[in-house]
There are 2 protein chains.
Amino acid sequence: MKIEIDHQSAVPLHIQVENLLRELIRQPEYQAGKLLPNELELAKKLAVSRTTLRQAINKLVYEELLVRKKRLGTKVAQPKMSSKSMNWLSFTQEMLARGITVKNYELHISWVYPDEQIAAFFDIRTDKKVMKLERLRGNTQEPFVYFISYFHPRIGLTGDEDFKKPLYEMLEQEHYFVATLSKEEISSRTADKMIAAKLEIDLGSAILFRKRFVYDQAERPMEYNLGYYKAESFIYTVESRRTP
Amino acid sequence: MKIEIDHQSAVPLHIQVENLLRELIRQPEYQAGKLLPNELELAKKLAVSRTTLRQAINKLVYEELLVRKKRLGTKVAQPKMSSKSMNWLSFTQEMLARGITVKNYELHISWVYPDEQIAAFFDIRTDKKVMKLERLRGNTQEPFVYFISYFHPRIGLTGDEDFKKPLYEMLEQEHYFVATLSKEEISSRTADKMIAAKLEIDLGSAILFRKRFVYDQAERPMEYNLGYYKAESFIYTVESRRTP
DNA sequence: CCCACTTAATTGTACATACATAATTACATA
DNA sequence: TATGTAATTATGTATGTACAATTAAGTGGG
């Protein structure tokens with residue numbers, strides 16, 4: 001791995017340092033409780049100020065990947081099983097893990113003007129069109145989720161993609177965008193006319209609504225995804241552990 | 001409220017500032033999207049350096065209580081009730097962290113024979129009674145969640161507890177059971193007659209159903225909890241990061 | 001009215017510096 | 001040995017400073 005910081009780069013130093021540290025603590029020699037070099041030394045080695053280094057460390061401390069200990073140093077935290085560090089899965093993979101073969105029932109691509117919310121998320125103006133991908137998906141028996149995805153123009157999707165292979169795999173291999181962080185909001189709704197028709201359920205049935213915000217390595221917004229799940233076919237599970 | 005920072009105090013300035021900001025943004029004049037004074041001005045007013053102020057603001061930004069916007073300023077985020085920054089918090093603490101005062105609207109204790117599912121979870125026989133705690137809870141305005149909890153007999157609850165203090169605090173201090181692991185299943189439902197009446201909503205309204213299995217340090221089952229949340233008042237959020 | 005351009009306000013980045021504080025270790029002393 | 005004390009060493013706190021980047025809002029021309 002590289003332990004080089006590029007002072008000419010457009011990406012801020014503290015971000016570079018942060019990424020470097022993320023990589024560093026994943027190395028076998030830095031597992032579980034190992035101490036990082038002390039701040040002064042590390043700052044010197046990376047040729048950044050201690051302030052900048054601390055800014056990076058702080059972020060990882062906040063994410064509980066690192067733990068500070070006075071007089072001792074900063075050490076790598078015990079990995080936790082929790083939603084925070086949960087392995088990130090694409091829908092296809094997520095379903096595969098549940099033993100479900102995914103089938104696309106409908107697929108529709110269009111270019112639309114984003115509404116305020118979407119524009120705000122992508123941090124673009126509402127008069128710049130974005131690609132909208134609608135997919136009705138499910139197992140081999142029946143559709144059970146209706147997805148609406150919007151993609152940041154930066155990614156450069158044309159609409160000619162066939163979406164045969166998993167989306168993130170395609171984005172990664174052909175567009176060099178690696179989905180790294182996702183934030184989700186799960187809430188409950190009832191089916192309106194449109195959704196009821198898509199999912200072939202009664203009007204007013206329970207729907208699990210899952211809104212996902214997907215970011216790339218640099219934590220830039222990538223995808224804005226809405227998922228309407230048939231209630232009976234999808235239960236969201238979370239495991240969290242207290243760490244004293 | 002006091003807008004005073006005590007430079008003599010033993011508690012660090014950035015903590016004082018952080019607390020002050022937390023209070024500040026809870027004031028009616030600082031709701032939803034209102035801008036804070038800009039950093040230079042605020043730093044001057046509080047008589048701390050901009051660096052120190054930023055340290056405090058950063059923490060709240062990380063907790064998503066504040067949102068920075070270049071050229072515009074820093075504004076108060078849309079309040080989201082969620083389980084996000086809670087690593088492990090009881091409902092009371094979770095709500096407190098968001099500046100919501102929890103109120104119990106109803107509280108009912110009974111001893112019942114567990115059904116098959118509950119008995120299986122607790123690993124006891126169905127002819128051994130367990131304590132059932134029903135609570136209708138919410139903020140000071142209205143109830144928004146109906147909880148049904150079952151407790152393992154091992155814990156030794158009598159039913160004479162007053163449930164004035166947070167449940168897990170009580171279990172920890174008086175019964176020496178420390179809730180350590182929770183597994184949750186989140187799904188969507190519509191309100192049946194009973195729930196609609198409890199939460200004062202229409203029959204068939206969307207309900208977020210949250211089933212929690214709580215374990216102690218030794219990963220022994222402790223609590224079996226069902227929560228019926230008014231859809232509008234509760235959004236479940238999850239953040240996950242890919243670790244390759 | 002709409003577009004391109006300017007400007008100014010605000011956050012963002014980065015550094016150097018100084019002293020405080022906590023905890024371990026080493027050492028002196030009873 | 002046990003105990004108190006000082007030195008050491010890491011993080012913690014705090015400030016001042018400087019300039020960069022972003023972008024909302026204002027400006028003027030077509």
Side-chain angles (χ1 to χ4, degrees), chain A residues 5-21 33-62 64-77 113 116 119-128 154 218-221, chain B residues 5-21 25 33-62 64-77:
Chain A
I5 297 294
D6 179 4
H7 284 255
Q8 313 313 322
S9 165
V11 24
L13 284 183
H14 71 269
I15 302 284
Q16 287 187 56
V17 174
E18 181 193 327
N19 290 333
L20 187 145
L21 287 175
K34 277 286 171 56
L35 285 176
L36 250 49
N38 77 59
E39 295 180 352
L40 285 171
E41 193 184 319
L42 194 52
K44 196 173 169 188
K45 181 136 65 186
L46 301 179
V48 299
S49 69
R50 182 172 166 225
T51 320
T52 303
L53 173 61
R54 276 181 70 82
Q55 196 175 349
I57 292 180
N58 278 336
K59 195 148 175 216
L60 300 195
V61 167
Y62 207 96
E64 297 177 11
L65 292 172
L66 294 178
V67 179
R68 301 191 122 115
K69 223 48 180 142
K70 263 192 194 162
R71 164 63 220 246
L72 225 190
T74 304
K75 63 180 183 178
V76 179
Y113 292 111
E116 285 293 342
F121 171 66
F122 284 145
D123 208 10
I124 59 175
R125 291 172 35 182
T126 50
D127 59 0
K128 171 139 189 165
R154 176 198 320 120
E219 299 207 3
R220 294 178 303 184
Chain B
I5 297 294
D6 180 3
H7 285 254
Q8 313 314 321
S9 165
V11 26
L13 285 183
H14 72 270
I15 302 283
Q16 287 187 55
V17 173
E18 182 192 326
N19 291 334
L20 187 145
L21 288 175
I25 63 181
K34 277 283 171 57
L35 286 176
L36 289 185
N38 75 61
E39 295 179 353
L40 285 170
E41 194 184 318
L42 193 52
K44 196 172 167 189
K45 181 135 64 185
L46 301 180
V48 298
S49 70
R50 185 175 165 223
T51 320
T52 303
L53 174 61
R54 276 180 70 82
Q55 196 177 348
I57 292 180
N58 278 338
K59 196 150 175 214
L60 300 195
V61 167
Y62 203 96
E64 296 179 9
L65 292 173
L66 294 177
V67 179
R68 299 193 125 115
K69 208 75 173 126
K70 269 189 193 165
R71 164 65 219 249
L72 232 189
T74 303
K75 62 181 182 179
V76 180

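Below, chain A is the first sequence line, B the second, and so on; all start at residue 1.
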Provide, to the nearest angstrom, the distance between the [atom1] atom belonging to [X] and the [atom2] atom belonging to [N].
X	N	atom1	atom2	result
B:Lys75	C:dT11	NZ	C1'	14 Å
A:Leu13	C:dG12	CG	P	16 Å
A:Leu42	D:dT9	CG	P	19 Å
A:Glu39	C:dC15	CD	P	14 Å
A:Arg50	D:dT15	CZ	P	16 Å
B:Leu46	D:dT15	CG	P	11 Å
B:Lys44	D:dG16	NZ	C1'	15 Å
B:Gln16	D:dT13	CD	C1'	12 Å

Just checking A:Thr52: base, sugar-phosphate only, or nothing, at a heavy-atom cut-off of under 4.0 Å? sugar-phosphate
[options]: which one has an atom nearest the side-chain heavy atoms of [X]?
X	options	result
A:His14	C:dT13, D:dT13, D:dA14	C:dT13
B:Gln55	D:dT13, D:dT15, C:dT11	D:dT13
B:Lys70	D:dA14, C:dT11, C:dA16	C:dT11
A:Arg71	D:dT8, C:dG12, C:dC15	D:dT8
B:Leu72	D:dA24, C:dG12, D:dT11	D:dA24
B:His7	D:dG12, C:dC15, D:dT15	D:dT15

- Using the side chain to side chain contact (heavy atoms under 4.5 Å, CB included) rule, take B:Lys59 and B:Leu65 through it: C-alpha gap first, then chi angles, then the decisive distance, then the call. CA-CA 9 Å; B:Lys59 196 150 175 214; B:Leu65 292 173; over 6 Å; no
When you look at B:Asn58 and B:Arg68, which way does the side chain to side chain contact (heavy atoms under 4.5 Å, CB included) test go after all the steps?
-> CA-CA 9 Å; B:Asn58 278 338; B:Arg68 299 193 125 115; 2.3 Å; yes
Is the distance from OP1 or OP2 of C:dA16 to the nearest side-chain N or O of A:Thr51 less than 4.0 Å? no
Check: OP1, OP2 of D:dT11 versus side-chain N and O of A:Arg54: anything below 4.0 Å?
Finding: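 So the side-chain polar atoms of A:Arg54 never come under 4.0 Å of the phosphate oxygens OP1 or OP2 of D:dT11.
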Value for CG (A:Leu46) from OG1 (A:Thr52), rounded to nearest 0.5 Å, stands at 10.5 Å
**Q.** Donor-acceptor pair, side chain of A:Glu18 and main chain of A:Leu60, under 3.5 angstrom
**A.**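 No; judged by distance alone, with no hydrogens or angles, the pair does not exist.
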Would you confirm whether B:Gln16, through its side chain, and B:Asp6, through its main-chain N or O, come within 3.5 Å as a donor-acceptor pair?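 Yes: the side chain of B:Gln16 pairs with the backbone of B:Asp6.
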